[in-house]
Amino acid sequence: AERIFGYKSVDVVGRNVKVLMPQPYHSEHDDYIRNYLRTGKAKIIGIGREVVGRRGDGSTFPMELAISEFRLGEDRYFTGIVRDITERKRAEAELRSAEERMRSVVNHVVDGIISISDRGVVTTFNPAAEQIFGYRSNEVIGQNVKMLMPEPYRGEHDGYIANYLHTGQAKIIGIGREVVGRRKDGASFPMELAISEFRLGEDRYFTGIVRDITERKRAEQELRDAGERMRSVVNHVVDGIITIDERGKIESYNPAAEKTFGYEPAEVLGRNVKMLMPEPYYSEHDAYIENYTRTGHAKIIGTGREVVGKRKDGTTFPMELAVSEFHIGQRRYFTG
């Protein structure tokens with residue numbers, strides 16, 4: 001008590017205990033004792049509670065106080081057991097603050113966050129998950145998470161959890177993958193799912209981070225379709241189309257170019273394009289590309305002209321050549 005209140009025992013023994021109390025407890029204390037002695041009605045005796053104490057320097061602090069009553073002969077006494085809970089209160093406040101920050105993060109991220117118990121029952125369902133799946137949190141919390149899955153995942157889910165708990169062999173926990181979700185309206189959609197496991201005491205839980213990738217999948221499909229359309233155009237035009245990198249190595253070679261030069265793609269891809277040229281173009285080509293990449297001075301790029309090509313059988317032929325330049329990232333390419 002000396003350490004908690006900052007008084008020596010000689011400073012307080014014989015004085016009214018209200019010296020250890022701030023207002024309004026200081027002024028109320030004597031009346032409280034008189035009332036208890038007269039009526040026997042106790043507000044704190046025998047039950048204990050959190051109250052506020054006052055130290056010798058005037059500062060206040062939270063404390064737990066448990067009071068008991070005893071008698072010595074005809075005299076009645078009260079004993080208070082006091083515990084300074086300043087650090088505990090500070091830790092609780094920090095914990096509440098951390099929890100509030102975490103709730104703020106969870107409630108404002110764009111990814112759905114769903115936690116379930118080891119029985120598959122949903123325990124948390126953030127606003128992003130509500131938007132993704134179309135359910136309100138109160139429609140999902142307490143329900144089995146498989147309600148968010150189409151078949152066959154819905155029918156397999158409980159067995160998967162049971163198997164994992166029994167064997168420890170995870171198919172998705174800790175790695176994440178693309179799966180299919182089911183919205184409230186019954187529509188299915190592609191999503192990325194990353195699952196982690198955590199424990200609270202003896203209880204085991206799982207948290208899933210969900211990202212709706214419908215738009216990304218649509219964009220990828222559109223890109224594939226556009227690529228397929230472009231390949232179809234390139235493969236069916238009557239003109240040869242050849243792409244090279246800035247070192248002169250052939251990157252692409254369409255069917256019309258096969259017909260024109262007589263080479264199969266496997267015979268030219270990765271090789272220097274000058275193989276399709278007779279002298280003196282054959283010997284001059286590498287120096288021409290090197291000079292262009294260094295100076296930017298082009299003799300044919302962007303203009304086109306008549307030149308001479310060389311077929312696989314060694315024969316030469318006149319051809320019109322139009323060359324354009326393009327970039328992919330930091331790499332430079334040329335299409336003839």
Side-chain angles (χ1 to χ4, degrees), residues 1-109 113-118 121-130 136-138 140-142 198-205 207:
E2 289 182 327
R3 186 172 62 252
I4 292 172
F5 288 95
Y7 288 101
K8 291 296 185 180
S9 61
V10 294
D11 297 322
V12 294
V13 172
R15 297 179 63 184
N16 191 302
V17 72
K18 65 186 179 182
V19 68
L20 306 178
M21 305 173 188
Q23 294 292 357
Y25 312 107
H26 182 94
S27 299
E28 295 171 352
H29 185 260
D30 292 346
D31 288 339
Y32 172 68
I33 290 186
R34 282 194 294 268
N35 182 68
Y36 171 66
L37 294 176
R38 187 177 71 253
T39 66
K41 293 181 180 179
K43 294 181 180 178
I44 187 171
I45 296 171
I47 53 173
R49 64 176 176 179
E50 289 186 10
V51 294
V52 179
R54 181 179 182 275
R55 296 190 175 94
D57 63 7
S59 62
T60 59
F61 65 98
M63 68 183 195
E64 284 183 344
L65 174 63
I67 298 180
S68 59
E69 181 181 355
F70 66 97
R71 290 175 182 268
L72 289 177
E74 296 298 315
D75 297 322
R76 177 184 282 182
Y77 294 87
F78 304 91
T79 294
I81 310 298
V82 174
R83 177 174 295 173
D84 184 346
I85 56 173
T86 301
E87 290 306 315
R88 191 182 80 189
K89 286 293 186 181
R90 181 178 296 118
E92 289 173 351
E94 290 174 355
L95 181 60
R96 284 193 297 270
S97 177
E99 289 174 345
E100 188 59 38
R101 289 194 299 271
M102 183 57 67
R103 276 194 296 271
S104 179
V105 169
V106 168
N107 288 339
H108 291 89
V109 293
I113 300 179
I114 305 168
S115 294
I116 65 170
S117 70
D118 57 9
V121 174
V122 178
T123 58
T124 63
F125 193 77
N126 77 333
E130 292 183 323
R136 304 298 297 173
S137 61
N138 59 8
V140 181
I141 291 175
F198 66 98
R199 290 178 180 268
L200 288 176
E202 296 299 316
D203 298 320
R204 178 183 284 182
Y205 295 87
T207 293

Quick one: pull up CG in Asp84 and NZ in Lys89 and give me the separation to the nearest 0.5 Å.
12.0 Å

Can you tell me how far apart CD1 (Ile141) and OG1 (Thr124) are? Round to the nearest 0.5 Å.
7.0 Å

What's the spacing between Asp118 CG and Arg199 CZ if we round to 0.5 Å?
8.5 Å

For a 4.5 angstrom cut-off between non-hydrogen side-chain atoms, does Thr86 reach Pro62?
yes

When you measure from the side chain of Thr39 to the backbone N and O of Asn35, does any donor-acceptor pair fall under 3.5 Å?
yes

Check this for me: does any side-chain nitrogen of one of Arg96 and Glu99 sit under 4.0 Å from a carboxylate oxygen of the other?
no

In the structure I gave you, are the side-chain heavy atoms of Val19 and Tyr7 within less than 4.5 Å of one another anywhere?
yes

Could you check whether any side-chain N or O of Ser115 sits under 3.5 Å from a backbone N or O of Thr123, counting only pairs where one atom can act as donor and the other as acceptor?
no

Test Thr79 against Tyr77 for side-chain contact (heavy atoms from CB on, under 4.5 Å), laying out the working first.
CA-CA 7 Å; Thr79 294; Tyr77 294 87; 5.8 Å; no

Is any side-chain heavy atom of Ile4 closer than 4.5 Å to a side-chain heavy atom of Met63?
no

When every non-hydrogen atom of Pro22 is compared with those of Thr60, the smallest separation belongs to CB-CG2, 3.7 Å

Quick one: pull up CZ in Arg55 and CG in Leu20 and give me the separation to the nearest 0.5 Å.
11.5 Å

Side chain proximity check, Met21 to Arg54, heavy atoms < 4.5 angstrom:
no

Check the angle between the aromatic planes of His29 and Tyr32 and answer parallel, tilted or perpendicular using the 30° and 60° thresholds.
tilted

Are there over 12 heavy-atom neighbours, none belonging to Arg76, within less than 6.0 Å of that residue's CZ?
yes

For the atom pair CD1 (Ile67) and OH (Tyr36), what is the distance rounded to the nearest 0.5 Å?
10.0 Å

Taking side chain as C-beta onward, heavy atoms only, is Arg88 less than 4.5 Å from Arg83?
no

Ion pair Arg90/Glu94, N-O distance below 4.0 Å:
no

Residue pair Phe5 / Val82, side-chain heavy-atom distance below 4.5 Å:
yes

